[in-house]
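Shown next, in structure tokens, is the structure this report addresses.
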Amino acid sequence: MTVAHFMGVLGGLALFLYGMQMMSSGLESVAGNRMKQILERLTSNRFLGIFVGAGITAVIQSSSATTVMVVGFVNSGMMTLKQAIWIIMGANIGTTITGQLIALDVGVIAPLIAFLGVVIIVFLKSKKLHYIGNILAGLGVLFIGMDMMSSAMEPLADSEAFVNLLTKFDNPLLGILAGIIFTALIQSSSASVGILQALADNGIIGLNSAAYVLFGQNIGTCVTALLASVGTNRNAKRATVIHISFNVIGTIVFTVLCLITPLIPFMESITPANVPAQIANLHTLFNVVTTLLLLPFGNVLVKLVKKMLPDKPKEYRNNMYIRKESILFCCQQCLRGLFDETK
């Protein structure tokens, strides 16, 4: 792989991420505060929460953005931890839409979509139409970046060293670790799954190796929410831990299934000639099945994270808990008063 090809991969990744950002920004601008209002007014109905989480993430194409938003609402007290669980579960399902679109090869008409978006932005004056133009342009740029990455990766199929490296991902631990690190670095599971699909599209990696990398990518995407929880209150941190727990549990379950059942051959049989579609389908299955498995255990997850992150005494000051520092301060004042009286 030459320097030119490497630069092509970086350029394609840049366009992919920028297109996703454009599309997300345009959609948020069109919706205004509606998405936030929906989340704020959400009831404790778990099915509604999952539906809303999946819908919003499918629209803004970022489970990280949805989770960060949820962490913010929990931190401000606008949402309970139980409500956050269902939205986080739904967000994991919604994020699989990007992979499905890539597998459908929507990129063929990507230049036309981008052109229409730019025409709307340049020639029309309405702000709302500009937002729609951003959405279309972002979608087109996203898929142009995807095609650019795929083209730049073609020479890797002839690189024996690179192919041998990827075959090591047949080892579940190595594959999961690679997925975690890569997704944590680029801060986007959609982009990392897209790159995995680009490798598969060029015949460089098969589902046997890609499956474990995919599972790791689901864990790696939690890094964004983890960073967003720094400096927040205890409940917001718990929401982040729930997000991580969801993907860790799903990874354990699906790794075991891949090792002891013919899950991978089954997924290959659905779309035998289309490995990117196999990856997209496994990604969707991973998140849907994990959600169904954990759906009855929402309250258990809340209790678990509360034991993992117990309340600090200072957070219960209004509930008759007294900080040690306060006790020491009172003792100091009493001793000082006695000392003054003896003078």
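Treat the numbers as computed from the prediction; the structure is a model and nothing was measured. Nothing fancy with the numbering, it's 1 onward along the sequence.
Between I264 and M267, every side-chain heavy-atom pair lies at or beyond the 4.5 Å cut-off. Put simply, the side chain of V300 does not reach to within 4.5 Å of the side chain of L294, judged on heavy atoms. Between T290 and F254 the shortest side-chain heavy-atom distance falls below 4.5 Å. The shortest side-chain heavy-atom distance between V275 and I205 does not fall under the 4.5 Å cut-off. A heavy-atom distance below 4.5 Å is found between the side chains of N218 and N287. With contacts defined as side-chain heavy-atom distances shorter than 4.5 Å, the pair L259/P172 qualifies. No side-chain heavy atom of V253 sits less than 4.5 Å from a side-chain heavy atom of F215. Considering only heavy atoms from C-beta on, S245 stays 4.5 Å or farther from L304 through its side chain.
The distance from the CZ atom of R238 to the CG atom of L309 is 6.5 Å, given to the nearest 0.5 Å. To the nearest 0.5 Å, atom NZ of residue K125 and atom CD1 of residue I120 are 14.5 Å apart. Taking CD from Q217 and OG1 from T251, the interatomic distance works out to 10.5 Å, rounded to the nearest 0.5 Å. Atom CD1 of residue I50 and atom CG of residue N92 lie 10.5 Å apart, to the nearest 0.5 angstrom. Summarising the geometry, atom CG belonging to L282 is positioned 10.0 Å from atom CD belonging to E268; distances are rounded to the nearest 0.5 Å.
No side-chain donor-acceptor contact under 3.5 Å links Q83 to the backbone of G49. With hydrogens and angles ignored, the 3.5 Å screen pairs a side-chain donor or acceptor of H130 with a backbone N or O of I121. The main-chain N or O of L214 is never found under 3.5 Å from a side-chain atom of H283 such that the two would form a donor-acceptor pair. No donor-acceptor distance shorter than 3.5 angstrom exists from the side chain of D201 to the backbone of Q197, with no hydrogens or angles considered.
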Output, in order, the C-alpha distance, side-chain angles, deciding distance and verdict of side-chain contact (heavy atoms from CB on, under 4.5 Å) for V305 and L81. CA-CA 10 Å; V305 295; L81 198 57; 4.0 Å; yes
Tell me, with the steps shown, if Y212 and L173 meet side-chain contact (heavy atoms from CB on, under 4.5 Å). CA-CA 8 Å; Y212 301 114; L173 291 178; over 6 Å; no
Step by step, would you call I249 with F297 a side-chain contact (heavy atoms from CB on, under 4.5 Å)? CA-CA 12 Å; I249 293 169; F297 302 105; over 6 Å; no
Walk me through it: do K306 and V302 pass the test side-chain contact (heavy atoms from CB on, under 4.5 Å)? CA-CA 6 Å; K306 283 186 177 180; V302 171; 3.8 Å; yes
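For the pair A200 and I279, the tightest heavy-atom approach, listed with the atom from each and the gap, is CB-CD1, 3.7 Å.
Criterion: ILVMFWY side-chain heavy atoms under 4.5 Å apart, direct or through other members. Under it, L129 and V122 are not part of a common hydrophobic cluster.
Exactly one of T291, L292, V288 qualifies for a side chain to side chain contact (heavy atoms under 4.5 Å, CB included) with M89. That residue is T291.
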